[in-house]
Amino acid sequence: MSVHQLFDVSVLFATGAAATRAYQAVFGATPENAKVTFGALNVLSTLSTTPMPAEGLDLRLEGALPLGEAYIGVKLGLLDAFTGRRTFGPSDAFAANGGRMREASRLVLALLDHGGHAVVLHKAAGTVKSAGRFRDQLRDVSNPEVRPFAAWLDFLASAEADGFQCRSYGLPHYFGRPNVSAVASGASDDTFTLERTMQAVQFACGRLAADPTLDEPPAAFEVPVAYRLGARSPSLPGAHDSTYRWDAATDDDGLMLTLRCAELPARHPARLWDANPAQVPLDVYRRALEELLQRRYAGDGFQGTDGLLYEAREGLPPIALEVFTRDDGVVLITTVGTGRSRAPAGLVEYATEHAEFLVVARADTPATRTALLNLAELSLITTARGGLKDFDGFPPSPNGPNGLGLIIAPMNDLPLGSARPLAYRLFMPVTAVEYVNYRTLDVEARRAWFAANAPSFAAIASRWPLPTAA
């Protein structure tokens, strides 16, 4: 019999001695196959001082994580949650007092606190999560508002012949609910459709696993485009949230819930954008750009870390700033919103009527954000021919960063649609001499200048002055 049949969850340890100490500390029992009690939870436990067999383990999330030399395996009662639900009816897995999965979360956390370095979710296709990842997903399980369903699940996206399939693993055994699968058609580079498909799976899983008011799967889920996977039950959409309706059908004897969204193709932001950018709701536009930028910059080590929506001056649309950071401290700060509104002086023939703007700096500071916001607002009101998108930049002035000038350089367009480019422009500080020289160059010469003078994001960031201590 495989370990995946014997256990619901295991915690891996570097040595047998470490596992033995953890077993005694957490269970207060002799390390042997034993029925033990942890809080309100009765479990069957096993201490093994041999390595966890690698067969059937999914290390996709953790790569070369060492399995260690010992593990503690746990079976969360005699019945899996799906059988228990059919036998005894629904129960709240995260009830504050004795909820099965809240207690199981506390148990695993206790074993990690005593030296465990990874968790194996045997009933979520053998998924292995590092201690750090599992802790991050659990959050504070002592808080009754925290309902960390995602810690116990795995999510997988795969390409199909004409689109995508995303699905979950682990809901039946841990939460007594069907796993969720969502399918959608789309091209292989259709980031928006792929993300909406995975978002629908994660939203539905959260409602099924962590919402105690939902007794049975509904006929459809209205998924807010702004939803992000977290450690709480997903909030229902508000009156002003853009949503996509995913119809649900249960099959496989109740073990699988399949979602499909008939309205996604017609309400895809690329289709709306090509027809008329003003038709794209701001929250849809913002989410689509966030995901395009995350994919574009992930290879350079950047991760999205912050996003703030600003109410611009009266009569102008709101502007969001999205911040992407990486380990060396370099930050990308980009506008999201200026491109959705047509700049009054932008020229269609130059494809400059819509654009977003980017700053690459060494620190995310209020001064940097303010400078970018001011430039973004200027792009929406200037009557200069071509608009801010066609300016060479701003000469050095006392109001500039340490007296430096700013050039405005084109980046690769953002592929929000196929028929209408969304221009992307970089603001970068330059010296007075560089500013004069840059303005004399043609397009090809400017590319060569950039390659020589700003060869990397780190080099661009170094041009911004570091903030001074107050």
Side-chain angles (χ1 to χ4, degrees), residues 145 147 182 184 191-208 210-211 213-214 218-248 259-294 304-323 333-343 354 356-357 369 372-373 376-377 379-381 414 416-417 420 422:
E145 297 299 317
R147 309 175 73 81
T191 301
F192 188 82
T193 295
L194 173 59
E195 294 292 345
R196 298 292 70 71
T197 307
M198 181 59 81
Q199 182 184 56
V201 169
Q202 293 173 342
F203 182 89
C205 285
R207 293 289 317 283
L208 293 170
D211 186 344
T213 68
L214 190 65
F221 294 89
E222 291 285 346
V223 182
V225 73
Y227 170 71
R228 297 178 188 278
L229 182 65
R232 300 181 182 227
S233 175
S235 299
L236 296 178
H240 301 292
D241 291 334
S242 296
T243 65
Y244 289 87
R245 176 188 172 92
W246 290 81
D247 295 313
L259 309 180
R260 289 181 171 82
C261 183
E263 64 184 18
L264 182 55
R267 295 181 54 219
H268 194 292
R271 182 169 181 173
L272 299 177
W273 173 263
D274 283 342
N276 178 3
Q279 291 182 358
V280 187
L282 178 59
D283 54 354
V284 173
Y285 176 89
R286 183 178 176 186
R287 194 66 195 261
L289 256 63
E290 287 174 358
E291 290 161 355
L292 282 172
L293 291 168
Q294 185 67 68
T305 55
D306 198 8
L308 293 174
L309 186 66
Y310 294 86
E311 292 298 330
R313 68 183 71 179
E314 186 175 355
L316 294 180
I319 299 170
L321 293 186
E322 301 298 329
V323 181
I333 309 175
T334 185
T335 63
V336 175
T338 62
R340 180 170 163 268
S341 302
R342 186 186 187 280
H354 296 278
E356 298 293 348
F357 302 97
R369 292 190 178 197
L372 185 56
L373 283 169
E377 289 189 358
S379 77
L380 295 175
I381 62 175
L414 294 170
L416 187 61
R420 183 191 299 269
L422 175 55

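Every value quoted in this text rests on a predicted model; they were computed, and no experiment measured them.
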Q: Taking the side chain as everything from C-beta on, heavy atoms only, tell me whether L292 gets closer than 4.5 Å to F192.
A: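 A side-chain contact under 4.5 Å is absent here.
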Q: Evaluate the side-chain proximity of D274 to L416: yes if any heavy-atom separation is below 4.5 Å, no if none is.
A: no
Q: Given the rule in the salt bridge (charged side-chain N to carboxylate O under 4.0 Å, His left out) test, do D211 and R232 qualify, once you have shown the distances and angles that lead to the verdict?
A: CA-CA 9 Å; D211 186 344; R232 300 181 182 227; over 6 Å; no
Q: Run the side chain to side chain contact (heavy atoms under 4.5 Å, CB included) check on L373 and T335 step by step: do they pass?
A: CA-CA 8 Å; L373 283 169; T335 63; 5.8 Å; no
Q: Verify the distance criterion only: is there a donor paired with an acceptor across the side chains of T243 and D241 at less than 3.5 Å?
A: no
Q: Just by distance, do the side chain of T334 and the backbone of E322 share a donor-acceptor pair under 3.5 Å?
A: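 Not at all, since once roles are kept as given, no pair shorter than 3.5 Å links the two residues.
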Q: Flag the pair W273 / H268 as yes when their ring centroid distance falls below 6.0 Å, and as no otherwise.
A: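 W273 vs H268: aromatic centres not under 6.0 Å.
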Q: Testing the basics here: between A288 and P269, what is the closest heavy-atom pair and its distance to 0.1 Å?
A: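 Answer, listing the atom of A288 first, then P269: CB-CG, 4.1 Å.
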Q: Go through D306 and I333 one step at a time and tell me if the side chain to side chain contact (heavy atoms under 4.5 Å, CB included) criterion holds.
A: CA-CA 9 Å; D306 198 8; I333 309 175; over 6 Å; no
Q: Taking the side chain as C-beta and beyond, is there a heavy-atom pair between E222 and L236 under 4.5 Å?
A: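 A side-chain contact under 4.5 Å is absent here.
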Q: Any ion pair linking E290 and R228 (charged N to carboxylate O, less than 4.0 Å)?
A: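 Yes, charged N to carboxylate O under 4.0 Å.
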Q: Within a reach of under 6.0 Å around CZ of R260, are more than 12 heavy atoms found that belong to other residues, nucleotides or ligands?
A: no
Q: Going by side chain to side chain contact (heavy atoms under 4.5 Å, CB included), Y285 matches just one of V225, L272, V336. Which one?
A: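 With Y285 as partner, side chain to side chain contact (heavy atoms under 4.5 Å, CB included) holds for just one option, V336.
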Q: If you define the side chain from C-beta out and look only at heavy atoms, does anything of F357 sit under 4.5 Å from S379?
A: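 Contact flag for F357/S379 side chains = yes.
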Q: Would D247 and L259 satisfy side chain to side chain contact (heavy atoms under 4.5 Å, CB included), going step by step from the backbone distance to the final call?
A: CA-CA 5 Å; D247 295 313; L259 309 180; over 6 Å; no
Q: In Å and rounded to the nearest 0.5 Å, what is the NE2 to CG distance from H354 to L422?
A: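 Result: 8.5 Å between the selected atoms.
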Q: Does the side chain of R369 come within less than 4.5 Å of L308's, by heavy atoms?
A: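 Yes. Closest side-chain heavy atoms under 4.5 Å.
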Q: Quick check: closest heavy atoms across V223 and A200, and the distance to 0.1 Å?
A: CG2-CA, 4.2 Å
Q: Check the pair E377 / I319 against side chain to side chain contact (heavy atoms under 4.5 Å, CB included), numbers first and verdict last.
A: CA-CA 8 Å; E377 289 189 358; I319 299 170; 3.9 Å; yes
Q: About how many Å separate CG of L309 and CG of L321, when rounded to the nearest 0.5 Å?
A: 9.0 Å
Q: Measure the CH2-CZ distance between W246 and F221 for me, rounded to the nearest 0.5 Å.
A: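 Answer rounded to 0.5 Å: 12.0 Å.
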Q: Search all heavy atoms of V280 against all heavy atoms of R340 and return the closest pair with its distance.
A: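 In terms of heavy atoms, the two residues are closest at O-NE, 2.6 Å.
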Q: Looking only at the side chains, is there a donor atom on one of T338 and E356 sitting less than 3.5 Å from an acceptor on the other?
A: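 Short answer, yes.
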Q: Using the ring of Y244 (Phe, Tyr or Trp, six-membered ring only), decide whether R267 places NZ or CZ under 6.0 Å from its centre and within 45 degrees of its axis.
A: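 Geometry flag: set, cation within 6.0 Å and 45°.
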Q: Is any NZ, NE, NH1 or NH2 atom of the basic residue among R196 and E291 found under 4.0 Å from an Asp or Glu carboxylate oxygen of the other?
A: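 Yes, this pair counts.
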Q: Using side-chain heavy atoms (C-beta onward) and a distance below 4.5 Å, is H240 in contact with L282?
A: no
Q: What I'd like to find out is whether the side chain of P224 reaches to under 4.5 Å of the side chain of F203, using heavy atoms alone.
A: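 Yes. Closest side-chain heavy atoms under 4.5 Å.
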Q: Do side-chain atoms of R245 reach the backbone of C261 as a donor and acceptor pair under 3.5 angstrom?
A: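 Flag not set: sc R245 to bb C261 has no pair under 3.5 Å.
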Q: Could you pull out the closest heavy-atom pair between P281 and S242, with the gap in Å?
A: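 Shortest heavy-atom separation between P281 and S242 comes out as CB-OG, 3.4 Å.
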